[in-house]
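Here is the structure we will look at.
All heavy atoms count here, side chains included; hydrogens, waters and symmetry mates do not. All values reported here derive from a predicted model rather than from experimental measurement.
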Amino acid sequence: MSSEEKLVIEEKVVKMLKTVFDPEIPVDIYNLGLIYGIDLDDDGNLHIDMTLTAPNCPAADFIIDDARIKLESIDGINSVDIRIVFEPEWTKDMMSEEAKLDLGFL
């Protein structure tokens, strides 16, 4: 896979992540700052490091499954591995300005 092809797919990944919402918060997981890393290898294997707003998030399974299903639908992606990490710990400062505005923090 060329670097141009990877860039196009990575842009699609970000766009797709912006369609995944925590059902308790009306902001997508990308703008919430829950995505810590996106790595696409030359074979089309996608590795995502993400966190949750809290370790005991009741919607964790729903969010992860929704993200995986949507990401697997992107042409050029062969597999999706989503790893949940809690370091660094998520804070409201990790949200985009758009998310902060939507949630009334600005």
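Atom-to-atom distance recorded for T51:OG1 and M94:CE is 7.5 Å, nearest 0.5 angstrom. For the atom pair CD of E11 and NZ of K6, the computed distance is 13.5 Å after rounding to the nearest 0.5 Å. Rounded to the nearest 0.5 angstrom, H47 NE2 and S79 OG are separated by 6.0 Å. Once rounded to the nearest 0.5 Å, the distance linking CE of M16 with CD1 of I69 reads 11.5 Å. I9 contributes atom CD1, which lies 6.5 Å from atom CD1 of I77 (distance to the nearest 0.5 angstrom). Atom CD of E98 sits about 10.5 Å away from atom CG of L103, to the nearest 0.5 Å.
Under a hydrophobic clustering in which Ile, Leu, Val, Met, Phe, Trp and Tyr are joined whenever their side-chain heavy atoms come within less than 4.5 Å, directly or via other members, L7 and I48 fall into different clusters. A continuous path of ILVMFWY side-chain contacts below 4.5 Å connects L34 to F62, so both sit in one hydrophobic cluster. Y36 and L46 end up in the same hydrophobic cluster when Ile, Leu, Val, Met, Phe, Trp and Tyr side chains are linked at under 4.5 Å. Cluster annotation: F21 is not connected to I25 through the hydrophobic network of ILVMFWY side chains, with a link wherever side-chain heavy atoms come within less than 4.5 Å. When hydrophobic clusters are built by joining Ile, Leu, Val, Met, Phe, Trp and Tyr residues whose side-chain heavy atoms come closer than 4.5 Å, directly or via intermediates, L52 is grouped together with I38.
In this structure the side chain of D28 never reaches within 4.5 angstrom of the side chain of V20, judged on heavy atoms. At a threshold of 4.5 Å between non-hydrogen side-chain atoms, the residues I84 and M50 count as touching.
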**Asked** Step by step, would you call W90 with M95 a side-chain contact (heavy atoms from CB on, under 4.5 Å)?
**Response** CA-CA 9 Å; W90 180 86; M95 290 190 287; 3.9 Å; yes
**Prompt:** Taking it one step at a time, do L40 and V13 satisfy side-chain contact (heavy atoms from CB on, under 4.5 Å)?
**Reply:** CA-CA 10 Å; L40 179 64; V13 166; over 6 Å; no
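The backbone N or O of T19 lies less than 3.5 Å from a partner atom in the side chain of K70, making a donor-acceptor pair. For D43 (side chain) and N45 (main-chain N/O), no donor-acceptor pair under 3.5 Å exists by modelled atom type.
The only option from I82, D22, T53 that meets the side chain to side chain contact (heavy atoms under 4.5 Å, CB included) definition with I63 turns out to be D22.
Closest heavy-atom contact between K100 and D93: NZ-O, 3.8 Å.
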